[in-house]
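For reference, the structure discussed in these notes is given below.
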Amino acid sequence: MIIKQLSIFLENKSGRIHEITEILGRENLNIHALSLADSENFGVLRLIVNDLDKSLDCLKKNGVATSLTSVLAVEVPDKPGGLAAVMKVIDDAGLNIEYMYSIPEKTHDNAIMIMRFDNTEQAVNKLDGKGLRILTQQEVLKL
Amino acid sequence: MWNPEKEKISPAKLRAEQSEALRKLVEKLYTRVPFYREKMNLHNIKPEDINSIDDISKLPFTTKHEMRDVYPYGLLAADRRDIVEIHTSSGTTGKPVVGAYTHNDIDLWAEGMARTLSMAGIDETDTIQNMYGYGMFTGGLGVHYGTRLVGANLLPASSGNSKRQLQLMQDFGSTAISCTPSYCLYLAEYAQEQGIDIRELGLKAGFFGAEPWSENMRLDIQNKLGLKAYDIYGLTEIIGPGVAAECAEQQGLHIFEDLFYPEIINPDTGEVLPDGEKGELVITTLTREGSPILRYRTRDITFIIPEPCRCGRTLRRIHRLFGRNDDMLIIRGVNVFPSQIEEILLRIEGVEPHYQIVVERQGMLDTMEVRVEVNETIFSDEIRRLEFLEKSIRDEIKTGLGVNAAVKLVEPKTIARSEGKAKRVIDNRNITTGA
């Protein structure tokens with residue numbers, strides 16, 4: 001259920017995202033989803049990639065501060081009120097989302113959201129049996 | 001002139017006084033201070049070897065490092081019961097340097113500052129607004145005691161609160177101010193924003209020190225505040241401000257050498273250099289009682305101006321400081337060593353000492369940015385944790401060193417390393433301290 005996301009530290013300076021994506025592209029690594037958070041001085045780039053180990057390896061070799069973060073990929077009905085319904089389940093379970101972003105691909109009529117919780121394992125347990133579909137790493141990569 | 005007998009002393013009489021004072025000082029230090037006795041024994045010097053001021057070069061130097069090692073009372077030469085005041089140098093990481101003052105030391109301090117203030121024509125009719133910080137820092141109380149002795153009206157305003165500073169100036173008609181040169185420029189700018197013409201407030205003199213400044217900055221200050229800007233020099237290790245100061249000629253700072261004996265040395269060999277040659281200033285406190293210092297290496301670079309001054313004082317002058325021969329930075333009057341920043345970083349879990357200090361002069365004020373490389377231990381996926389880390393470092397620096405620093409997390413291995421050794425300090429202030 002739990003999937004791994006690459007988190008990358010970036011200084012706020014031009015050309016950094018280009019450099020990171022070039023490193024990944026050279027190694028034939030594909031980015032499935034991406035989100036960029038920024039503060040005044042730095043940013044954190046979050047990626048879902050097709051080959052975690054290889055990505056981690058080549059980024060580290062290039063001196064990039066990278067870590068793995070546990071996140072969940074949750075299916076959200078692509079219709080008005082779809083996300084609200086999912087959020088209600090999460091809210092009712094007493095969970096707090098740190099951040100979330102979407103994957104460009106869809107499964108049938110469902111969008112996929114990547115969600116980061118305070119405690120991922122606890123989130124999985126609390127969401128169990130609540131009618132939400134949570135995708136595995138394999139399923140995400142097959143999209 | 002505050003003390004013409006001393007300030008216009010004949011060179012022969014000065015030498016005689018200095019010789020006598022040094023002889024007594026060395027005898028006292030040898031008897032009362034184990035630190036000095038051991039050092040002198042190590043150099044095979046006995047008090048009887050010191051008969052004139054020329055013998056001073058036989059004596060060992062004292063460094064800031066040594067002073068820290070014997071913190072807090074290792075340099076005390078008087079009884080504890082005779083100490084009336086204690087100051088420590090800025091910077092509370094590691095051990096600070098201690099100055100202990102007897103009643104006579106405080107009088108001595110006031111004397112140095114009274115001479116300083118009188119050089120600018122300050123007397124009972126003046127009102128001095130003292131904007132140096134009061135407290136452990138020697139700037140505030142040094143000016144305070146000197147002003148009291150001169151008998152001028154004293155406004156012990158201390159540092160900060162620009163709005164109130166301007167109000168005091170307007171309400172009490174301050175004729176002189178004392179603060180860091182950068183703060184006075186900041187204040188001038190602030191006054192302008194408030195629609196106050198600071199030039200019209202009647203200020204005639206300003207006493208500026210505690211940080212490096214240039215001749216251009218002097219012109220700027222004089223122009224913006226409509227006063228005459230005087231360079232003053234002092235340091236906690238010796239006594240505080242009141243060691244040397246400019247007279248109205250503004251051509252170098254008269255060093256009160258009847259009290260503080262100056263030497264210029266080659267910093268590499270320790271050899272004493274003749275007047276006129278540039279080197280490191282070394283000072284001996286000839287008459288202090290609480291914590292006298294023998295041949296203190298100030299790390300400040302200057303030279304002694306041998307020519308007599310047009311003001312009539314015979315006390316020799318030192319040239320405006322050219323800088324330092326160690327890595328100490330002076331940020332808004334606060335002394336900062338890169339090693340102190342390093343100690344603070346190492347106290348924060350997960351932070352490695354890969355850092356760089358960037359100092360700029362933005363507008364009027366010095367700013368310090370500390371860049372810290374992110375590593376896997378401290379890298380968090382969550383922005384707020386990283387921001388919290390930046391804030392923690394900033395707070396620790398503020399608490400530890402008393403200086404505001406901007407903290408910036410940077411990517412691993414981005415701090416320039418030359419020959420495997422990181423360049424710790426980038427000082428972009430470009431202060432030309434030459435005349």
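Quick note: numbers below take in every heavy atom, side chains included, and nothing from hydrogens, waters or symmetry partners. First the proteins, then the strands, lettered A, B, ... as listed; each starts at 1.
Within 6.0 Å of CD in B/Q194 there are more than 12 heavy atoms belonging to other residues, nucleotides or ligands. Few gaps surround CG on B/N428; more than 12 heavy atoms of other groups in view lie less than 6.0 Å from it. By the 6.0 Å contact criterion, NZ on B/K391 is open, its count of non-hydrogen atoms from other residues, nucleotides or ligands being 12 or less. Within a 6.0 Å sphere centred on CG of A/D53, heavy atoms belonging to other residues, nucleotides or ligands number 12 at most. By the 6.0 Å contact criterion, CD on A/E121 is open, its count of non-hydrogen atoms from other residues, nucleotides or ligands being 12 or less. Heavy atoms of other residues, nucleotides or ligands lying less than 6.0 angstrom from NZ of A/K106 number more than 12. Atom OH of B/Y186 has 12 or fewer heavy atoms from other residues, nucleotides or ligands within 6.0 Å. Under a cut-off of 6.0 angstrom, the local environment of NZ in A/K13 is crowded, with over 12 non-hydrogen atoms contributed by other residues, nucleotides or ligands.
Within the 4.5 Å cutoff, no side-chain heavy atoms of B/K408 are placed close to those of A/E40. The shortest distance between side-chain heavy atoms of B/I383 and A/Y99 does not fall below 4.5 Å. A heavy-atom distance below 4.5 Å is not found between the side chains of A/F42 and B/E411.
Contacts of A/D118 with chain B are made by side-chain atoms alone, with heavy-atom separations under 4.5 Å and no backbone atom involved. For a residue to count as touching a neighbouring chain, one of its non-hydrogen atoms must lie under 4.5 Å from one of that chain's; by this rule B/D381 touches chain A with backbone and side chain alike. For A/T69, the part sitting under 4.5 Å from any heavy atom of chain B is the side chain, from C-beta outward, and nothing else. Heavy-atom distances place no part of A/N12 under 4.5 Å from chain B, backbone and side chain included. Looking at A/I8, the atoms closer than 4.5 Å to chain B (heavy atoms on both sides) all sit in the backbone: N, CA, C or O.
Note that OG of A/S39 is 8.0 Å distant from CG of B/L409, once rounded to the nearest 0.5 Å.
Considering every non-hydrogen atom in both B/V407 and A/N41, the closest pair reads O-ND2, 3.8 Å. Closest approach of B/T414 and A/E11 over heavy atoms only: OG1-OE2, 3.5 Å. Among all heavy-atom pairs drawn from A/A65 and B/F379, the shortest one is O-CE2, 3.9 Å.
The pair B/E382-A/R116 meets the salt-bridge criterion, with a side-chain N (NZ, NE, NH1 or NH2) lying under 4.0 Å from an Asp/Glu carboxylate O.
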Test log, rule side chain to side chain contact (heavy atoms under 4.5 Å, CB included), inputs A/E98 and B/R384: CA-CA 10 Å; A/E98 289 287 337; B/R384 67 186 163 95; 2.7 Å; yes
